[in-house]
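Below is one structure, written out as structure tokens; comments come after it.
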Amino acid sequence: MHFKFLHTADIHLDSPLRGLERYEGAPVNEIRGSIRQAFDHLIDLAIEEQVAFVLIAGDLYDGDWKDYNTALYFNKCMSKLNNHGIKVFLIRGNHDAASLMTKHLRLPENVTLFSTKKPQQIVLEDLNVCIHGQSYANRSVQENLSVNYPLGNSKFFNIGVLHTSLDGREGHDHYAPCSVDDLQSKGYQYWALGHIHKREIVSKDPWIVFSGNIQGRHIGEQGSKGCTLVTVEHGEIANVKHHTLDVMRWKLLEVDVSNCHSVDNACELLRDELIEELNRNHGLLLAIRLVFKGVSPIHSKFSKNQEQLISDLRALVTEIDHERVWLEKIYFNTKAPTSIEAIFERNDALSELLHSIENIEFHDMERIGLFHELDDLNAKLPREIKERNDFLEYNNETSVKKALQETKNFLIQKLLNVEIEK
């Protein structure tokens with residue numbers, strides 16, 4: 001018996017991607033339409049590869065939405081698969097569970113939604129396959145769902161579909177936690193996992209795979225995005241292959257200007273880096289977060305008149321390729337070529353102030369009750385601000401420590417600029 005199937009997850013159809021209008025020159029329509037285009041690529045790939053079925057391991061939708069256009073689009077895509085005899089098996093993830101409308105939608109006949117009450121088994125007699133899965137009943141699932149998944153049936157090729165953080169992954173809520181041992185103990189040949197947006201092969205014995213999402217939505221989701229194509233021959237996995245589906249990519253581009261002696265030098269270096277990125281990504285639209293870094297002679301020039309410099313940089317990008325590159329944000333993280341250590345060792349007011357800034361720690365902020373003071377402010381902030389990618393989660397120690405270090409670096413650099421200019 002020979003067949004193929006596709007494993008995908010975390011599609012987040014019609015994710016609103018709020019706040020894009022705030023960014024100068026943002027290709028809003030292209031970014032917002034990118035998820036549907038990537039999903040169209042998924043459908044085309046399934047048909048081209050003549051897969052037997054598609055697995056969607058949660059978060060097809062993106063929370064609650066206000067009309068049925070998303071569902072109509074999804075049903076249209078499913079009908080296209082149905083016309084080619086391709087079945088779809090779907091579990092709800094945390095974002096799907098937050099949607100009220102989708103709970104009452106009528107699914108196309110080729111789509112099977114797994115139960116929320118307990119793990120469900122679906123047998124495909126013609127393929128000798130047994131698929132096991134369970135949907136989220138609510139948004140926050142804290143229990144280990146995998147515990148109740150049944151042992152694999154030795155007569156079948158067994159697949160488990162689960163939306164989980166496993167033992168935890170940075171940047172993702174800790175939902176349906178479980179261990180690799182938990183999954184391996186079930187005797188399945190393949191685990192199709194969702195929830196983690198970065199592709200990861202957790203194990204090859206058996207295959208335990210996060211397919212990742214199909215399209216990056218912000219700077220935290222960089223690089224190639226797509227799905228996983230699995231080939232099965234004689235009851236065993238013959239091939240597991242990643243297929244890219246995305247139509248745009250996010251990239252943190254760090255340009256080291258340590259050896260640049262003029263702004264023109266830095267612009268030429270940026271031009272070369274951007275052209276290289278365009279070639280590497282085969283013409284896809286690139287959303288670039290640009291960071292200039294390094295101990296550089298042009299640090300003081302970067303510090304002065306940044307507004308004009310940013311305009312010049314955006315003009316440079318437009319000149320290179322206005323259709324395929326967008327500068328999302330620009331940061332200047334350079335340092336002046338001076339001996340910070342020497343200033344720290346001095347016995348004067350500047351040295352004392354620098355030491356005070358450098359010695360500020362996370363627990364100092366806790367001790368003075370700063371986070372408690374922020375609770376009232378946080379409660380008053382509008383939802384769209386809290387959902388921004390750069391919103392500071394002040395109750396997250398890692399996030400606060402990072403912001404604290406950036407602030408300390410900023411203050412020290414500004415003070416050193418004053419010292420240099422005297």
Side-chain angles (χ1 to χ4, degrees), residues 1-11 13 37-60 74 76-91 107-114 120-133 149 152-163 183 186-194 196 199-215 224-247:
M1 177 68 67
H2 170 94
F3 65 91
K4 299 177 184 178
F5 66 89
L6 278 181
H7 163 205
T8 185
D10 303 291
I11 294 163
L13 272 181
Q37 290 185 58
F39 195 66
D40 288 340
H41 290 173
L42 174 76
I43 302 303
D44 292 341
L45 177 65
I47 294 170
E48 179 184 339
E49 292 289 340
Q50 299 180 330
V51 301
F53 53 88
V54 175
L55 305 174
I56 303 179
D59 285 358
L60 167 64
F74 175 69
K76 179 181 177 181
C77 292
M78 296 304 98
S79 295
K80 189 174 180 180
L81 292 180
N82 194 34
N83 290 337
H84 289 81
I86 299 173
K87 298 180 183 296
V88 178
F89 299 97
L90 167 69
I91 61 171
L107 293 169
E109 62 180 11
N110 62 322
V111 179
T112 299
L113 175 64
F114 282 88
Q120 180 182 355
Q121 300 179 67
I122 297 174
V123 174
L124 306 179
E125 296 284 358
D126 57 330
L127 297 174
N128 212 36
V129 168
C130 185
I131 305 174
H132 313 260
Y149 276 54
N153 189 325
S154 60
K155 297 179 181 178
F156 296 101
F157 180 88
N158 293 271
I159 300 173
V161 188
L162 181 63
H163 199 77
L183 303 186
K186 299 300 177 179
Y188 300 172
Q189 283 71 44
Y190 187 90
W191 277 96
L193 305 185
I196 306 304
R199 173 174 166 80
E200 180 183 352
I201 297 176
V202 179
S203 167
K204 293 184 179 181
D205 185 23
W207 284 89
I208 302 174
V209 178
F210 284 109
S211 64
N213 55 346
I214 65 172
Q215 173 60 62
S224 170
K225 300 291 183 177
C227 65
T228 301
L229 176 66
V230 182
T231 302
V232 179
E233 294 179 354
H234 307 298
E236 295 185 358
I237 293 178
N239 191 33
V240 175
K241 184 179 180 181
H242 174 73
H243 280 262
T244 57
L245 302 170
D246 52 354
V247 296

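This chain uses plain numbering: 1 for the first residue, then up along the sequence. What's counted below: heavy atoms across the whole structure, side chains too, no hydrogens, waters or symmetry copies.
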Plane angle bin for F53 and F89 - parallel if under 30°, tilted between 30 and 60°, otherwise perpendicular: perpendicular
Is there a side-chain contact between V230 and Y190 in this structure, where contact means two heavy atoms from C-beta onward sitting under 4.5 Å apart? yes
W207 side-chain N/O to I237 backbone N/O, donor-acceptor pair under 3.5 Å: no
With a 3.5 Å distance limit and no angle check, can you tell me whether Q189 reaches the backbone of E236 through a side-chain donor-acceptor pair? no
From H7 atom NE2 to L229 atom CG, the distance as rounded to the nearest 0.5 Å: 12.0 Å
Output the distance between atom CD1 (I131) and atom CG (L124), rounded to the nearest 0.5 Å. 4.5 Å
Interatomic distance, CD1@I196 vs CG@D10, rounded to 0.5 Å, equals 8.0 Å
Of all heavy-atom pairs between A9 and G194, which one has the smallest distance, and what is that distance? CB-CA, 3.7 Å
Between V54 and A46, what is the shortest heavy-atom contact and its length? CG2-CB, 4.1 Å
Minimum-distance pair of heavy atoms, taken over all atoms of F39 and M78: CZ-CE, 3.9 Å
Any donor-acceptor pair under 3.5 Å linking the side chain of H132 with the backbone of Q121? no
Is the closest side-chain heavy-atom distance between F3 and V129 below 4.5 Å? yes
According to side-chain contact (heavy atoms from CB on, under 4.5 Å), who are the partners of E125, at least two apart in sequence or on a separate chain? V123, F156
Would you find a donor on one side and an acceptor on the other, under 3.5 Å apart, between the side chain of D246 and the backbone of K225? yes
Closest non-hydrogen atom pair, S224 against T244: OG-CG2, 2.6 Å
V247 vs Q215 side-chain heavy atoms within contact, under 4.5 Å: yes
Backbone of K155 reached by a side-chain donor or acceptor of N128 within 3.5 Å: yes
Drop me the distance from L55's CG to T112's OG1, to the nearest 0.5 angstrom. 11.0 Å
Worked verdict on F5 versus I159 for side-chain contact (heavy atoms from CB on, under 4.5 Å): CA-CA 11 Å; F5 66 89; I159 300 173; 3.9 Å; yes
Min side-chain heavy-atom separation C227-L45 under 4.5 Å: yes
Given side chains that start at C-beta, do those of L127 and F157 come closer than 4.5 Å, heavy atoms only? no
Could you tell me whether E200 atom CD has more than 12 heavy atoms of other residues or ligands within 6.0 Å of it? yes
How about T228 and R199: does a side-chain donor come under 3.5 Å of a side-chain acceptor? yes
Between the main-chain N or O of N153 and the side-chain N or O of N158, is there a donor-acceptor pair closer than 3.5 Å? yes
I need the C77 SG to L13 CG distance, nearest 0.5 Å. 7.5 Å
Identify, with sequence neighbours excluded, every residue that meets side-chain contact (heavy atoms from CB on, under 4.5 Å) alongside I47. I43, K80, L81, H84, I86
Find out whether L107 and V88 are in side-chain contact, i.e. whether some heavy atom of one side chain is under 4.5 Å from a heavy atom of the other. no
Option from E233, E49, E48 for which salt bridge (charged side-chain N to carboxylate O under 4.0 Å, His left out) with K4 holds: E49
Side chain proximity check, I11 to F74, heavy atoms < 4.5 angstrom: no
Contact check, side chains of L183 and Y188, non-hydrogen atoms, under 4.5 Å: no
Rounded to the nearest 0.5 Å, how far does OG1 of T231 lie from CG of N239? 5.0 Å
